[in-house]
Each structure stands twice: as C-alpha cells, then as structure tokens.
Undergrad: 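Would you mind keeping the following structure in view while I ask a few things?
Convention: sequence-line order gives letters A, B, ...; per-chain numbering from 1.
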Protein chains: 2
Amino acid sequence: MLIGELARQTGCEVETIRYYEREGLLSAPLRSASGYRRYNAEQLGELNFILHCRSLGMSLADIRQLAAFKADSSLACDDINQLIDRQVSKVHQQVESLRLLEQQLLALRDRCHDHHTVAECGILQTLVEASEGEPCVCHTPFGQDPHPHPHSMEKQ
Amino acid sequence: MLIGELARQTGCEVETIRYYEREGLLSAPLRSASGYRRYNAEQLGELNFILHCRSLGMSLADIRQLAAFKADSSLACDDINQLIDRQVSKVHQQVESLRLLEQQLLALRDRCHDHHTVAECGILQTLVEASEGEPCVCHTPFGQDPHPHPHSMEKQ
DNA sequence: CTTGACCTTGTAGCGACTATAGGGTTTGCA
DNA sequence: TGCAAACCCTATAGTCGCTACAAGGTCAAG
C-alpha cells in the first residue's frame, strides 16, 4: 500500500503521515526500489491508533508515551492512568472555562439591538467599559495549549 | 511609564506587549532619548482592551477589526454583531465537542482499575480496540483553530 | 512519447506567543 | 568614581501540529 492509499483508508493527509514518521510516532515503512513508502496492515493499525488518540485531544508527546507503553507491556499501568487523568482534567478545565466564556459572549451579544452606527453599539461600549473596569481580572477561559493567552494563567 | 511598569499593571508580559506593537494592535508609544518606550494612560487602556478581548477568546485579527471600529464610530454596527456572533458560535461548538470528549475520556478512565502491568491495562486495550474498530469515525472534538487535527474536520 | 497522477525531499508558513543572544541604560550604593 | 543589578533595546529562533509549496523523480495508460 502506498502512502496515498493509506491516507485514503485513514482519512489522514499524506503530509501528516510523513510528519508523524518524522516525529517518530509512526515507524518508518519499507521502501520500494524507487524510494516509495510501502505500508502494511500493521502500520495502518499504528496510524489509526495515533489518529484515535489525537481525536481524544492528546498531544503527540502523550501518544509517543502511550506507544512506548504498548511496546513494553511489562511496565506499570499507573503511568497510563496518570496520562489519562491529566487529559481528563485538562479537558474538564477547558469545558468549564469555555462555558463561562460562552455566557459572557451571549451577555455581550445582548447589549446590541440593531442600532445603526458604531457610536451607539452596546457591544463595543461594554467591551471598552469592561476592559477599563478590571485591569486584570483573570477569567482563565482556556485550559492551556489550545488557546493560551498572556493574561490569564500560569502554565501547569 | 516604562514597558515593565505597563506589564506589571496589566499582567501582560513585556515580550507580549512588544509583540502586540509589532502586530499593529497597540499603537507605537513615544520613546525616551535612549529609545525606551514611554506609555501613558491611553495606551494602558488600549492594552487592557486587547487583553479583555483575548480573554473572550478573540483572535488578534478580530481585535484589530474591533479597534478599527472603535476608531471610526460612524461605521455600521452590523459588523460588530457579526464578529461577536461568529465568536459565540465558535465557542459554542468548542464547548459541545469538548463535552463529548470529556465523556469519552471518563469512559476510558473507567476501563482501568488498578491493575499492575500494561498488559492488563483496560485503557490501552480500549484505545487499541477503538482505533481498530473505526478507521475513521470523526468525533470533531475541537472547534477549529485552538486544537485542529488532521482527522476530524474541514476548516471553515 | 507524452500526459497526468502519483511519489520524493526540503523548506517555509500559520497563530500567538515565548525564549534567547547580545547588547545599551539607569539607578543605587560603597 | 566604580560597579553591579535591574531594567531596556533589537533581532532571531523556537513552540505545536500541522499545511503548503517548490522542484524534482516514477509509473501506468493512451
């Protein structure tokens, strides 16, 4: 199976597959005489594993770790638990802060009722006032990596 | 006020302030004879406005737009409404997909009950099985920019 | 023998910072 | 007056997880 076929079967882009190989997540496949990558069922499984973990929001570093655990199955399981727990709490934090954010945005949206010029726009007024009122009230809207911003949060 | 003082008052890092200036979000301040940036209350307000918008998850491009609206208050207010609406729906999508993700991770966490080796780890087993079962079931966990990934979503 | 679809490597770009190197300035204290 | 610490400056490279491009090689069909 060539890389394009693997891409088709997994829904992953060709460039991304090569990127995962470069990053050491996907094992390097055999090559044809002309240098083309040739994949087998095992590597299809590997890639699906990676994609599934990515769809659970895990970082490539986390997936690399999981793959190492898979390879040496005599290791302690605690590390996997910890990894998942970290992921759970990260996502939970993200959900909470985004919900808060959504409330704030909806409140903001309510401030403007079809006026015609910016001068009368309640949204803009509210934004300006809010930023004046509270020089640094940290809402910590985002967990960490997906949307870090300067103002609100020490990295953990 | 020097840049360090501005940083202290806003909770924003010095490097980030300089970055915002480079990006044209913050107006360039006057300089002392030795080239040090000197800020006044107006620019403190500007920066707080930027930080507040960032804390609402807006992109720098959006904030640039809002600032332009603020500057020319004769413009139509509809654009601001649209901008906020886009932001609301973006955040709403993110919340929804993250909640789904959280459920999946919690279910995953339940698969492992203090076994001792990776060989018996329910989490790893579940991950492998799930990735085998469904070559490309797209859960679209993340909205768009904060955490894009290959597998799940066409950019909008 | 050419066309087009594939494959290769290498490099640069995205957003929003963050960090580093390598220097200049200012302030306070002995 | 000398000096160290704390500040400031610019420019450049790194982060993450891709994505896109350039410039070329390969292969099957017509």
Side-chain angles (χ1 to χ4, degrees), chain A residues 1-8 10-26 28-39 47 50-51 53-64 90 141-155, chain B residues 1-26 28-39 47 50-51 53-65 87 90 141-156:
Chain A
M1 178 172 27
L2 295 181
I3 198 169
E5 181 56 26
L6 182 64
R8 230 164 285 121
T10 55
C12 178
E13 297 222 14
V14 166
E15 323 258 323
T16 305
I17 297 173
R18 283 197 281 249
Y19 171 70
Y20 287 160
E21 184 185 330
R22 267 202 312 285
E23 291 296 301
L25 280 130
L26 208 49
L30 294 174
R31 300 284 188 127
S32 73
S34 54
Y36 287 18
R37 289 171 179 82
R38 300 243 148 220
Y39 295 95
L47 180 54
I50 295 168
L51 293 175
C53 291
R54 283 294 296 138
S55 82
L56 292 172
M58 294 180 201
S59 69
L60 298 191
D62 283 348
I63 300 174
R64 233 185 309 262
K90 186 177 111 184
F142 293 97
Q144 69 251 49
D145 9 358
H147 211 139
H149 69 102
H151 185 214
S152 68
M153 97 208 102
E154 54 286 68
K155 68 199 52 173
Chain B
M1 179 171 30
L2 295 181
I3 199 169
E5 181 55 26
L6 182 63
R8 230 164 285 123
Q9 284 193 33
T10 56
C12 179
E13 296 222 13
V14 166
E15 324 259 322
T16 306
I17 296 174
R18 284 197 281 249
Y19 171 70
Y20 287 160
E21 182 185 331
R22 267 200 313 283
E23 291 297 302
L25 279 130
L26 207 50
L30 293 173
R31 300 284 187 129
S32 72
S34 54
Y36 286 18
R37 289 170 178 83
R38 300 243 149 220
Y39 295 94
L47 181 52
I50 295 170
L51 293 175
C53 291
R54 285 292 297 137
S55 82
L56 292 172
M58 294 180 202
S59 69
L60 298 191
D62 283 349
I63 300 172
R64 233 184 309 261
Q65 257 206 63
Q87 189 65 16
K90 186 177 108 181
F142 293 97
Q144 67 252 48
D145 14 353
H147 211 139
H149 69 102
H151 186 214
S152 69
M153 101 209 99
E154 55 285 67
K155 69 198 53 175
Q156 60 234 91

Undergrad: Atom CG of B:Leu51 to atom C1' of C:dA16: distance rounded to whole Å?
TA: 13 Å

Undergrad: If the condition is side-chain contact (heavy atoms from CB on, under 4.5 Å), which residues does B:Tyr19 pass it with, not counting sequence neighbours?
TA: B:Arg22, B:Glu23, B:Leu60

Undergrad: Rounded to the nearest Å, what distance is computed from the CD atom of residue B:Glu21 to the P atom of nucleotide D:dA11?
TA: 12 Å

Undergrad: Is the closest side-chain heavy-atom distance between B:Tyr20 and B:Arg54 below 4.5 Å?
TA: yes

Undergrad: Please state how far atom OH in B:Tyr19 lies from atom C1' in D:dT15, giving the value in whole angstrom units.
TA: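 After rounding, the reported distance stands at 13 Å.
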
Undergrad: Identify the two heavy atoms, one from B:Ala7 and one from B:Glu13, that lie closest to each other, and give their separation to 0.1 Å.
TA: CB-C, 4.4 Å

Undergrad: Quick one: side-chain contact (heavy atoms from CB on, under 4.5 Å) partners of A:Tyr39, sequence neighbours excluded?
TA: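 Partners of A:Tyr39 by the side-chain contact (heavy atoms from CB on, under 4.5 Å) criterion, ordered by chain and then number, come out as A:Met1, A:Ile3, A:Leu6, A:Ile17, A:Glu21, A:Pro29, A:Arg37, A:Gln43.
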
Undergrad: If I take atom CD in residue B:Glu23 and atom C1' in nucleotide C:dC14, what distance separates them, rounded to the nearest angstrom?
TA: 12 Å

Undergrad: Are any of B:Thr16's side-chain N or O atoms less than 4.0 Å away from OP1 or OP2 of C:dT18?
TA: yes

Undergrad: Looking at D:dT19, C:dA16, D:dC18, which one has an atom nearest to any side-chain atom of A:Leu60?
TA: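 Of the candidates, D:dC18 comes closest.
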
Undergrad: Rounded to the Å, how far apart are B:Met58 CE and C:dC17 P?
TA: 14 Å

Undergrad: Quick one: B:Leu25 CG to C:dG15 P, roughly how many Å, whole number?
TA: 12 Å

Undergrad: What's the angle between the local helix axes at either end of the helix from C:dC1-D:dG30 to C:dA30-D:dT1, using five pairs per end and rounding to 10 degrees?
TA: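 Taking the rotation axis at each end, their angle is 30°.
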
Undergrad: Within the 4.0 Å limit for protein heavy atoms, which parts of nucleotides 6-13 of chain C are touched? Write it as a string from 5' to 3', B for base, S for sugar-phosphate only, - for none.
TA: BSBB----

Undergrad: So, using side-chain hydrogen bond (donor to acceptor under 3.5 Å, both in side chains) as the criterion, who are the partners of B:Arg8 when residues are at least two apart?
TA: B:Glu5

